[in-house]
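Note sheet for the following structure.
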Amino acid sequence: MATRETAVWRPDSNNIYERFIEQLDEAISGEKELTEGDQDTRYALKLQQERLATKGTRLRCKITPRGFMSDGQSLPRKWKDRHYVSEAAYYTSMWEREFTVGDGKPRRQKTKMTIYETKTDVIGGEDVGEDTYVCPGCGAPSKIKKLLDGCPYCNSKFQMSELYPKITNHYLVRDFSFTKDELKRYLIKFMAGMAIFLFVGMLAGMAYRGEIPPFKFWSMFGVLVVSAFGGVVFGYFLAGFSLIVRVVHAAGQTVPMMGAIGAGKRFESYMKRYSPEFSYEYFTGKTVALLKMILFAKDAQALPFYLGEALDDRFHDLVDVWFRGAMGFKSMKEKDGYLHVTVDVFLENAYVTDGKVKTGKNEKLRVTLVRNLNAPIQYNFSIKKLECPSCHGSFDATRNVTCPYCGGSYRVEDADWAVENIEV
């Protein structure tokens, strides 16, 4: 991908990353279906929409390109399992949110963000006909080969290109950078403001001393020249000082996340002893995706991949989640063939409490995840299309706690990551 600025993302783009972003803003407000996202991404979005509805809140978003990575930059690595390959890209953008609680006044927020997306596709030449997929027409889990021939529930037929690739993970991280145009506007704002301040101040001083009126041309011309020159000089230094303050403030907010530096690669090296196809990017995206579903769920304990206690009551007011781009690894423990991993996840959350919206709340959640070490990595794994280990029937675990065909139980941690505990 190139690194030039682009003005707009097109819904008919050949790039699935851009199509996903174009859909995402309207999908959040329920105005458009997120067809480029996988089943779990759409399910997390559905849970967030339900939470917003219970809080009597409307959330509208607008995502526009900004910066020299607005047409995307691929991450250098790909990661594979037996049948699927995943890769990631990021886009710089301007993210505008508008929260409206009831009939109240909308609260708007405009933030520079970097959007990270993970795309999962079938490896060329691989036969995935026996894998399970959720029918895009009716939502029933079926074998892929059946969906290509005709869904047994709604008779809809699909091409493989309609099933894969999909965006399987995404998250947003604040972007503190400036483009040349943004920096120019930032400097001009301070210079113009300082020039006006000096001009008004000198006029007020002259009036106080009785020098005006009458207005004298050369006196006024001198005031204009001095104001303009002083505005450029002092405005420039004031803008520089303001930038330093912003950088220091941003750095202060990231201090708690410094412990996360380098920990991800060490964890990846450890996991590759058990799963050579494991990647840190995969684990990060998976953890953030699971957290979103758990935090937005009406009853988190009803979810098959959450094994912990009831969540803190504060999360009942949560309406939006941003990942701050850092995850610190605290501990790893093997027990009876399962790996238990504890990580600190840094989030920026939005809450609606007593009819008021509060955004920009930085929080650290200590999350413990568990996984069977002997289970192979499945990059196409979804709780919406589980396969019963007893009868091999396919079912949606968000609707059925046990297999609807044989009544057998299912443990998500035997196939993928599950969350054991969440602490604030």
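All residue numbers in this chain count up from 1 along the given sequence.
In this structure, the side chains of Thr368 and Val343 stay at 4.5 Å or more apart for every pair of heavy atoms. Within the 4.5 Å cutoff, no side-chain heavy atoms of Leu172 are placed close to those of Thr114. A heavy-atom distance below 4.5 Å is not found between the side chains of Thr120 and Asp38. At least one side-chain heavy atom of Asp131 sits less than 4.5 Å from a side-chain heavy atom of Asn380. In this structure the side chain of Phe315 never reaches within 4.5 angstrom of the side chain of Ile294, judged on heavy atoms. Counting heavy atoms from C-beta outward, Pro136 and Val134 have side chains that stay 4.5 Å or more apart. Between Leu147 and Lys143 the shortest side-chain heavy-atom distance does not fall below 4.5 Å. Looking at heavy atoms from C-beta onward, Cys138 lies in side-chain contact with Cys151 at the 4.5 angstrom threshold.
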Test side-chain contact (heavy atoms from CB on, under 4.5 Å) applied to Val367 and Met327, step by step: CA-CA 10 Å; Val367 183; Met327 183 181 297; over 6 Å; no

side-chain hydrogen bond (donor to acceptor under 3.5 Å, both in side chains) assessment of Thr132 paired with Ser394: CA-CA 7 Å; Thr132 303; Ser394 300; 3.2 Å; yes

Criterion side-chain contact (heavy atoms from CB on, under 4.5 Å) on Lys112 and Thr92, from CA distance to verdict: CA-CA 8 Å; Lys112 295 181 291 186; Thr92 52; over 6 Å; no

Glu130 vs Ile144, side-chain contact (heavy atoms from CB on, under 4.5 Å): CA-CA, chis, key distance, verdict: CA-CA 6 Å; Glu130 291 297 325; Ile144 288 179; over 6 Å; no

Steps toward side-chain contact (heavy atoms from CB on, under 4.5 Å) verdict (Ser93, Met113): CA-CA 5 Å; Ser93 69; Met113 304 292 284; 4.1 Å; yes

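Considering Trp79, Phe329, Tyr379 in turn, Phe329 is the only one that fulfils the ring pair (Phe, Tyr, Trp, His ring centres under 6.0 Å) rule with Phe283. Exactly one residue among Asp344, Thr287, Leu295 makes a side-chain contact (heavy atoms from CB on, under 4.5 Å) with Leu365. That residue is Leu295. For the side chain to side chain donor-acceptor pair (under 3.5 Å) criterion with Glu98, the lone passing option out of Arg107, Arg108, Arg60 is Arg108.
Between Pro141 and Tyr153 the shortest heavy-atom distance is O-CE1, 4.0 Å. Closest heavy-atom contact between Leu386 and Ala397: CD1-CB, 3.2 Å. In terms of heavy atoms, Val128 sits closest to His83 at CG1-CB, 3.7 Å. Annotation for Pro106 and Thr100: closest pair CB-OG1, 3.6 Å, computed over non-hydrogen atoms. Annotation for Ala297 and Leu303: closest pair CB-CD1, 3.7 Å, computed over non-hydrogen atoms. Across all their heavy atoms, Ala228 and Ala195 have their closest contact at CA-CB, 4.5 Å.
Salt-bridge check for Glu413 with Arg371: failed, with every basic side-chain N at 4.0 Å or more from each acidic carboxylate O. Between Glu126 and Arg82 there is no salt bridge, since none of the side-chain N atoms of the basic residue sits less than 4.0 Å from a carboxylate O of the acidic one. A salt bridge does not link Lys157 to Glu162: none of the charged side-chain nitrogens sits closer than 4.0 Å to a carboxylate oxygen. Classification of Arg324 and Glu348 as a salt-bridged pair fails, no side-chain N sitting under 4.0 Å from a carboxylate O. Contact check on Arg66 versus Asp175 returns a salt bridge, with a Lys/Arg side-chain nitrogen under 4.0 Å from an Asp/Glu carboxylate oxygen. For Asp25 and Lys62, the salt-bridge test fails: no basic side-chain N is under 4.0 Å from an acidic carboxylate O.
The main-chain N or O of Lys55 is found under 3.5 Å from a side-chain atom of Thr57 such that the two form a donor-acceptor pair. A donor-acceptor contact shorter than 3.5 Å links the side chain of Gln48 to the backbone of Val319. The closest donor-acceptor contact from the side chain of Lys166 to the backbone of Thr35 lies under 3.5 Å.
Side-chain contact check for Glu387 and His392: at least one donor-acceptor pair (N or O, by modelled atom type) lies under 3.5 Å. Asn169 and Glu117 form no side-chain donor-acceptor contact under 3.5 Å, judged by distance and modelled atom types alone. If you check the side chains of Asp40 and Ser382, you find a donor sitting under 3.5 Å from an acceptor. There is no side-chain donor-acceptor pair under 3.5 Å between Asp71 and Tyr91. In this structure, a donor-acceptor pair under 3.5 Å is absent between the side chains of Glu281 and Thr118.
Atom CH2 of Trp95 sits about 10.0 Å away from atom OG1 of Thr111, to the nearest 0.5 Å. To the nearest 0.5 Å, atom OG of residue Ser279 and atom NZ of residue Lys80 are 13.0 Å apart. Atom OH of Tyr280 sits about 12.5 Å away from atom OG of Ser269, to the nearest 0.5 Å. Going from atom CG of Asp81 over to atom CZ of Phe381 covers 12.5 Å, rounded to the nearest 0.5 Å. If you take CG on Leu24 and OG1 on Thr41, they are separated by 9.5 Å, rounding to the nearest 0.5 Å. Here CZ of Arg411 is found 8.0 Å from CG of Leu307. Values are rounded to the nearest 0.5 Å.
The number of heavy-atom neighbours closer than 6.0 Å to CZ of Phe234, taken from other residues, nucleotides and ligands shown, is 12 or below. No more than 12 heavy atoms of other residues, nucleotides or ligands lie within 6.0 Å of CD in Gln159, so this atom counts as exposed by the packing criterion. Within a 6.0 Å radius of CZ in Phe229, no more than 12 heavy atoms belonging to other residues, nucleotides or ligands are found.
Ring-plane geometry between Phe395 and Tyr410 is classed as perpendicular, the angle between the planes exceeding 60 degrees on a 0 to 90 degree scale with a lower cut at 30.
Tyr133 has its ring centre less than 6.0 Å from the ring centre of Tyr164.
The side-chain hydrogen bond (donor to acceptor under 3.5 Å, both in side chains) contacts involving residues 293-316 comprise Arg314-Glu363, where partners must be two or more places apart or lie in separate chains.
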Side-chain donor-acceptor pairs of residues 414-424 under 3.5 Å, sequence neighbours excluded:
residue: Asp414; atom: OD1; partner: Tyr338; partner atom: OH; Å: 2.4
residue: Asp414; atom: OD1; partner: Asn372; partner atom: ND2; Å: 3.2
residue: Asp416; atom: OD1; partner: Tyr282; partner atom: OH; Å: 2.9
residue: Asp416; atom: OD2; partner: Lys286; partner atom: NZ; Å: 3.0
residue: Glu420; atom: OE1; partner: His340; partner atom: ND1; Å: 2.8
residue: Glu420; atom: OE2; partner: His340; partner atom: ND1; Å: 3.2
residue: Asn421; atom: ND2; partner: Glu423; partner atom: OE2; Å: 3.1

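For Tyr171, the ring pair (Phe, Tyr, Trp, His ring centres under 6.0 Å) test picks out Tyr116, Phe323, with sequence neighbours left out.
Cation-pi geometry between Arg97 and Trp322 is met: the NZ or CZ atom falls under 6.0 Å from the ring centre, inside 45° of the normal.
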